[in-house]
Amino acid sequence: MRARGSATMPHMRHSLIPAALLLIAAAPAPVPTATDRQFDRIWQDEWAWRQHEGIAERAPGTVQAHIANDSAATHARRLAYWQGVLAKLDAIDTARLSPDTLTDWQVYRQQIASQIDDETFREWEKPVNGDSAFWSDLTSAAQGDFANGERDYRAYLSWLGDIPRFFAQETDNMKAGLARGFTPPAIVMQGREKGVADIATASDITKVPYYRPFTRLPATMPQATQDELRAAARKVIAEQVIPAHRALLAFLRDSYFPGLTKQLGADKYPGGAAYYQSRIRVYTTTNMTPDEIHRLGLSEVAKIRAEMEQVKADAGFSGDLPQFLKFLRTDPQFHPSTADQLMKEAAWHAKRFDGMAAKWFGRLPRQRFAIREVPPAIAPYYTAGRGGPGVYLVNTYDLPSRSLIQLPALTLHESAPGHAFQMPLAAENKELKPFRRNSYISAYGEGWALYTERLGDEMGFYRTPYERFGMLSYQMWRAARLVVDTGIHTKGWTREQAQQFLHDNTALSDHEIMTEVDRYIGWPGQALSYYLGELTVLRARAKAEKALGPKFDIRNFHDMVLSLGSVPLPVLDARVDRFIAEGGPSPYPAD
């Protein structure tokens, strides 16, 4: 059964890549052309430079010995360098590239263009938002695999020693942003210094998150080495990491937070309209205008609302939709009573998918994932869940706000076959060039994950009308983002207006609505990527099904999409055209 609405998805006309470059004819594996080699020299030189800068994408779990330089002078140098790279890329005669290399060129050009957008608008002067911050991003390093034993632990000690320098640079960057009114809005940063304060005031060094790797030293490591490493860790945390957090905390409380802008919209920043359009380019890989996105969002909200009405009837509920939404938000049967219940049900849904995977996918990732609770320091303002290579985070804060009927859709998105398929399969695909294996384009990655929520309906994953409604509520949530994000950042919407729109159209709890709206206020444009990406996948699938007829194999289609790594939406469209021209084969050789 085709995903509902997949044949009628609107066409995105606003590609960043000229349409002529996207017509890739089916052909046997070509011999590299002279132009291919010209492109290879460009990306290889830049990739080596990126690695030297310490900013190249790495496989998850990689332990680094240094934190990349983030000073203003470094960013100015990087901007000039990437502008030179882009000029070289645009000088290439793309008509002379082989099909696979043309795809590489398109992906790589988008990466470089996004870097230039970030540098041009000095995004680095705002290294915090309502969702995340540079200090919380750093603690993920403590989750490294440390697969190389002592060598990785010593590299990590060196990395910890860079924190004072890095925090000082970020403080200087925030001061520059503060001076020109380029900060996150004050309303979304309330309480966000807690993670800094927890470390700054820590009385037990061994409880600081950065010490965690030293609590799990391998048993095979000599005891003397273990003792030496633990002593070195305690010393660097006490003498460098904690003082750096104390200095940062003082700056946040005394200067930064009091000076944050009170305006909500990105259009209120200096050059705000152009800045917001740059966020659309970066996160959606299209040149759609805010007005176009807003209108599309309103149209899609109306379509999903009609589906909701039908599922409400299927559930036997006699009241209207607002009454049904209130029922779903407030009836205890739809909410976990304990954190363990929520975690166990998330794990159960993940295992239920395992029993269905072979029917829908030909290639499965080698990497497994763990299911963990969102850390307490960020849980109060964090989203319901988040996933990636090796982990599916589930938020157990404020249990009455957590929905069991939306948990199946959340699990498909954040674990398998969403992020726990897409990112590991890319990292494991040695056919991809290094700049494609661990990179992430939000429109593709989030679009794929949202598509898997809708796919769950075809798979029979949703067992009751309530779980199907949970999926539709999540679809509505992402369609509503098109309206809310553009409303806040270009149409003067208030925080309360955005919250009311989500309250009227989704089954999200009021707590989730508050944290989500604050996320959109503080992170302009990112929320647009999900639904625009899903529409592209659905439209591409409908096109392939129609063109291939009985030759269409859903496993081959999914494998083809996932074999790409993470690509701009126009590149996905072009690859589907090639998939059709070749007769819909698997992208992988037969065993």
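Just so you know, residue 1 is the first one in the sequence shown, and it goes up from there. What you see is a predicted model, and the numbers here were worked out from it, not measured in a lab.
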Practice prompt. Given side-chain hydrogen bond (donor to acceptor under 3.5 Å, both in side chains), test Glu170 with Asn173 step by step and report yes or no.
Written response: CA-CA 5 Å; Glu170 294 299 76; Asn173 294 340; 2.9 Å; yes
Item to complete: Using a strict 4.0 Å threshold on nitrogen-to-oxygen distance, state whether Glu428 and Arg363 make a salt bridge.
Response: no
Worksheet item: Is it true that Asp117 and Arg279 make a salt bridge, defined as a side-chain N closer than 4.0 Å to a carboxylate O?
Response: no
Practice prompt. Ignoring hydrogens and angles, state whether a donor on the side chain of Thr74 or Ser71 is under 3.5 Å from an acceptor on the partner side chain.
Written response: yes
Worksheet item: Are Tyr81 and Glu46 close enough that a side-chain donor and a side-chain acceptor fall under 3.5 Å?
Response: no
Worksheet item: Just wondering, are more than 12 heavy atoms of other shown residues or ligands nearer than 6.0 Å to CD in Glu431?
Response: no
Worksheet item: If we ignore angles and hydrogens, is there a donor and acceptor under 3.5 Å between the side chains of Arg281 and Gln110?
Response: no
Worksheet item: Taking atom types as modelled, is there a side-chain donor on Asp162 or His66 under 3.5 Å from an acceptor on the other?
Response: yes
Discussion item. Under 4.0 Å between a side-chain nitrogen and a carboxylate oxygen: does that hold for Arg539 and Asp573?
Written reply: yes
Item to complete: Would you verify whether the NZ or CZ of Arg192 falls within 45 degrees of the ring axis of Tyr381 while also being under 6.0 Å from that six-membered ring's centre?
Response: yes
Worksheet item: Between Arg386 and Tyr382, is NZ or CZ placed under 6.0 angstrom from the six-membered ring centre and within 45° of the ring axis?
Response: yes
Worksheet entry | Ring centres under 6.0 angstrom apart (Trp448, His558) | yes
Discussion item. Under 3.5 Å, is there a donor on one side chain and an acceptor on the other for Gln64 and Arg58?
Written reply: yes
Fill in: Ring centers of Phe167, His245 separated by less than 6.0 Å
yes
Worksheet item: Does Trp49 have its ring centroid less than 6.0 Å away from the ring centroid of Trp43?
Response: no
Fill in: Check: Tyr210 ring centre within less than 6.0 Å of Tyr156 ring centre
no
Worksheet item: Do the charged groups of Asp45 and Lys88 touch, with an N to O distance under 4.0 Å?
Response: no
Fill in: N-O pairing of Arg50 and Glu53 below 4.0 Å
no
Worksheet item: salt bridge (Lys or Arg N to Asp or Glu O under 4.0 Å): which pairs involve residues 435-448, sequence neighbours left out?
Response: Asp104-Arg436
Fill in: Evaluation steps, side chain to side chain contact (heavy atoms under 4.5 Å, CB included), between Asp577 and Lys543
CA-CA 9 Å; Asp577 288 342; Lys543 182 178 183 179; 2.5 Å; yes
Worksheet item: Is the shortest side-chain N to carboxylate O distance from Asp100 to Arg578 below 4.0 Å?
Response: yes
Worksheet entry | Distance under 6.0 Å and angle within 45° of ring axis: Arg481 vs Tyr520 | no
Discussion item. Is it the case that atom CZ in Arg366 sees more than 12 heavy atoms from other parts of the structure closer than 6.0 Å?
Written reply: no
Worksheet, complete the sentence: For Val188 and Pro184 the tightest heavy-atom approach is CG2-CB, 4.3 Å
Worksheet item: Trp124 vs His75 aromatic rings, parallel, tilted or perpendicular, using cut-offs 30° and 60°?
Response: parallel
Worksheet item: Is Arg77 salt-bridged to Glu119, going by a charged N under 4.0 Å from an acidic O?
Response: no
Item to complete: Step through it carefully: locate the ring centre of Tyr108, locate the ring centre of Phe39, and say whether they are under 6.0 Å apart.
Response: yes
Discussion item. Restricting to non-hydrogen atoms, name the atom on Leu528 and the atom on Leu482 that form the minimum distance, rounded to 0.1 Å.
Written reply: O-CD2, 3.7 Å
